[in-house]
Amino acid sequence: MSSKFYVTTPIYYVNGEPHIGHVYTTAVGDVLARYHRLKGDDTFFLTGTDEHATKVVDSAAENGVSPQEWADRNAKAFQDTFTRLGMSHDDFIRTTQDRHKDKVQDYFKQLLDCGDVYLGEYEGWYDAGQEEYIPENKAKEFGYKSPVNDQPLVRKAEKNYFFKLSAYGDSLLQLLGSGEVFDVRPTARKNEVVARIREGLNDVPISRTGSGDWGIKVPGDDEHTIYVWIDALINYLSTVDTPERRYYWPADVHLIGKEILWFHAVIWPAMLLALNKLPGNEWMKLPRLLYTHSQWISEGKKMSKTLGNFIDLAQIDHYVEVFGLDALRYFLTTNGPLGTTDSDFAEAKFIEVYNTDLANTLGNCFSRVSNMTGRYFDGRLPKPGPEPQTGIDQEHDRTAEHAVRDYHRAMQGLELSKAADAAMGLVRAVDGYIEATQPFQLAKQDGKLPEVGTVLYNCAEALRVASLLLWPFLPEKIEALWRRTGCGHYADALADRGKGELDQWLTWGQCKPGTEIMKGDPLFPRFQPAKV
RNA sequence: GGGAGUGUAGCUCAGUGGUUAGAGCAGGCCACUCAUAAUGGCUCGGUCGCGGGUUCGAAUCCUGCCACUCCCA
């Protein structure tokens, strides 16, 4: 049964270069998007850039260009990076695009109309660099200086438009409690949010003054600029608010990092609840799931520029160059911080995962099966015939069924590591099957060739099933494998964000005897540590 | 200052009251040879952060402390 699937990443702050954190979240989104396309779901995968921060104005000035030019330049860096890394997003939203700005103004006007926005006054210690107010006691603790750049905090008072967040506490608690309409995971994150909502919600300012011309104006009040966070959150909705795309809403998964939990788990759904009250906005439901991942550390330590352990674009490119794109994707998505604890990006760990899973297990298994097919059957897939005497009955297809079942269950629960492991387990089972049946021994005995054929056919089938399951993680290499094994039509169907028919493709016995099996170069050459 | 979480084999983690605590990887040994020195089997390895307590019995519950992470003020 196919359905729609809408997954988003946060839109990335455009004032810096892409780094491992951006690539990670996007890679997770990409694996999910590919999985759903493979299943045949009508999938929409969105990423983009958040561009209206006032820091963009400063950086632009420092670099002698206009803010828009600066934003263009940096947004392009993100776009190029994601393209180069094979991300399959369906759209890339930039908050400076008219299609977004118009919608933001539109929604803001509706919020004004709905009665939950009012003009109030806010005064407090302001960190100009971070564009945020610092609570009194915290400001004192910091010595009235920015904890980030050490610049003095300034006393700032401004008239702002406020959103009546306070009115939504009960609704949010109720929604989070049932977890059916709107859920936050992992549960630990949900608990944090619930605890904090219980402490009481304050209304929040949703506009700023003095932002100059950068940003989106409050409709009908040019003095005020819509707070960049509000502007940014709206991207998830604005992008799909077109007649053709509305049916993707609500988002099925918003992927976020733990540092932006509050805005996504409280302010964003409350805004949607407010908008939803207006006639014509009934379609503006809450996102189904907010999935919060943790962060990458590097070589056991928090990443920092000064420590020199920052996994930046150059590092990422280095890994791609040495190990290949799929290896990076695989490592990130199966060893990443999807849970509540941070994950360590360590070179030794990367090499270990690469060699163990990709070279020794997947690559080698394909290699031995294709090699025997070449040696004993002239490179043509043999017909399955009698079971070998030493055989292990009909286990192979049941093993595949179990792997598929575990894989789906894991994918539905966003447990990417478990999903990949289910597929790898099937490959390992092929190794075990070869060990148990010893086709290379049978081949030396008179009249046993048909039994060898059965074994190799079963191996090829199991590998075909595993390859389908692994495609979301390893699209490049799996497609290469398909091209060598007469399964190129899978790659053709899935090209350019096309849909698959996973259920049908997974049925046992689709490898056609006689198909040419090309061994080719190793898919994942074993890595010799000396090279790095 | 308040709150939450984590702490189990070298590494990553599973295990929420009940026999001698598990998996994968790494290490060691053996076997095999179709394969990318790969694969298969066996094995080594843990005072379950530390101290109290509850219980016939605790990694598992309670409590104090320590370390790390996060949230709030």
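As a basis for the values below, the full set of heavy atoms in this structure was taken, side chains included, without hydrogen atoms, waters or symmetry mates. Every chain is numbered from 1 and lettered A, B, ... according to where its sequence line falls, protein lines coming before strand lines. In this text, all values refer to a predicted model and were calculated from it rather than measured experimentally.
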Could you tell me how far apart [X] ([atom1]) and [N] ([atom2]) are, to the nearest whole angstrom?
X: A:M372; N: B:U36; atom1: CE; atom2: P; result: 11 Å
X: A:I256; N: B:C71; atom1: CD1; atom2: P; result: 12 Å
X: A:D378; N: B:C34; atom1: CG; atom2: C1'; result: 16 Å
X: A:L442; N: B:U33; atom1: CG; atom2: P; result: 13 Å
X: A:M424; N: B:U12; atom1: CE; atom2: P; result: 21 Å
X: A:N335; N: B:U12; atom1: CG; atom2: P; result: 11 Å

Open item on the list: With heavy-atom distances below 4.5 Å as the criterion, would you say the side chains of A:L233 and A:Y227 are in contact?
Closed with: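 No, side chains not in contact.
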
Task: Side-chain touch A:L416/A:F473, heavy atoms, less than 4.5 angstrom - done: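 Yes, their side chains come closer than 4.5 Å.
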
Is [X] reaching over with its side chain to a backbone N or O of [Y], donor-acceptor style, under 3.5 angstrom?
X: A:S370; Y: A:S367; result: yes
X: A:K477; Y: A:L523; result: yes
X: A:N355; Y: A:F527; result: yes

Any strand is fair game: report the nucleotide pairing with [N] by Watson-Crick or G-U wobble, both distances under 3.5 Å, or none.
N: B:U39; answer: B:A31
N: B:A23; answer: B:U12
N: B:A58; answer: none

Task: Sole residue of A:Y354, A:Y319, A:F524, A:F345 in ring pair (Phe, Tyr, Trp, His ring centres under 6.0 Å) with A:F331 - done: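 Passing option: A:F345.
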
Open item on the list: So, applying ring pair (Phe, Tyr, Trp, His ring centres under 6.0 Å) with A:W229, which one of A:W268, A:F163, A:F263 is it?
Closed with: A:F263

At under 4.0 Å between heavy atoms, what does [X] touch on the DNA or RNA strands: base, sugar-phosphate, or nothing?
X: A:N191; value: nothing
X: A:L261; value: nothing
X: A:A359; value: base
X: A:P525; value: base
X: A:F366; value: nothing

Open item on the list: Among residues at least two apart in sequence or on other chains, which ones pass side chain to side chain contact (heavy atoms under 4.5 Å, CB included) with A:L175?
Closed with: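 Applying side chain to side chain contact (heavy atoms under 4.5 Å, CB included) to A:L175 gives A:V181, A:L273, A:L286.
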
[atom1] gap between [N] and [M], integer Å:
N: B:G15; M: B:G57; atom1: P; value: 26 Å
N: B:U12; M: B:A4; atom1: P; value: 26 Å
N: B:U8; M: B:C61; atom1: P; value: 16 Å
N: B:U54; M: B:A21; atom1: C1'; value: 22 Å

TODO: Give a yes or no on this: more than 12 heavy atoms of other residues, nucleotides or ligands lie within 6.0 Å of atom CD of A:Q510.
DONE: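 Counting other residues, nucleotides and ligands, CD of A:Q510 exceeds 12 neighbours.
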
Nucleotides 43-46 of chain B: which of its N/O atoms have a protein N/O under 3.5 Å away?
none

Open item on the list: The side chain of A:D431 is closest to which nucleotide in this list: B:U36, B:G40, B:C34?
Closed with: B:G40

Task: Options B:C11, B:U36, B:U39, nucleotide nearest the side-chain atoms of A:K349 - done: B:C11

- [ ] Please name all residues satisfying salt bridge (Lys or Arg N to Asp or Glu O under 4.0 Å) with A:D50, sequence neighbours left out, ordered by chain then number.
- [x]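 Result, salt bridge (Lys or Arg N to Asp or Glu O under 4.0 Å) vs A:D50: none returned.
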
Task: Partner residues of A:H22 under the ring-ring contact (aromatic ring centres under 6.0 Å, His included) criterion, sequence neighbours left out - done: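 If we apply the ring-ring contact (aromatic ring centres under 6.0 Å, His included) test to A:H22, skipping adjacent residues, the hits are A:Y12, A:H19, A:F78.
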
Open item on the list: Nearest heavy atom decides the nucleotide; on that basis, is A:A188 or A:K444 closer to the 5' end of RNA chain B?
Closed with: A:A188

TODO: Could you pick out which residue, A:D344 or A:R375, lies toward the 5' side of RNA chain B when each is mapped onto its nearest nucleotide?
DONE: A:D344

Task: Atom of A:M424, atom of A:L362 and distance for their closest heavy-atom approach - done: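 Result for this residue pair: CE-CB, 4.2 Å.
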
Open item on the list: Does B:C32 have its OP1 or OP2 closer than 4.0 Å to a side-chain nitrogen or oxygen of A:Q441?
Closed with: no

- [ ] Identify, residue by residue, the members of residues 403-414 of chain A with a heavy atom below 4.0 Å from RNA chain B, and return them in order of residue number, or none.
- [x] none

- [ ] Can you measure from CD (A:E476) to CH2 (A:W471) and round to the nearest 0.5 angstrom?
- [x]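 Reported to 0.5 Å precision, the distance equals 12.5 Å.
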
Enumerate all atom pairs, one protein N or O and one N or O from nucleotides 67-70 of chain B, separated by less than 3.5 Å.
| residue | atom | partner | partner atom | Å |
| --- | --- | --- | --- | --- |
| B:C70 | OP1 | A:K302 | NZ | 3.0 |

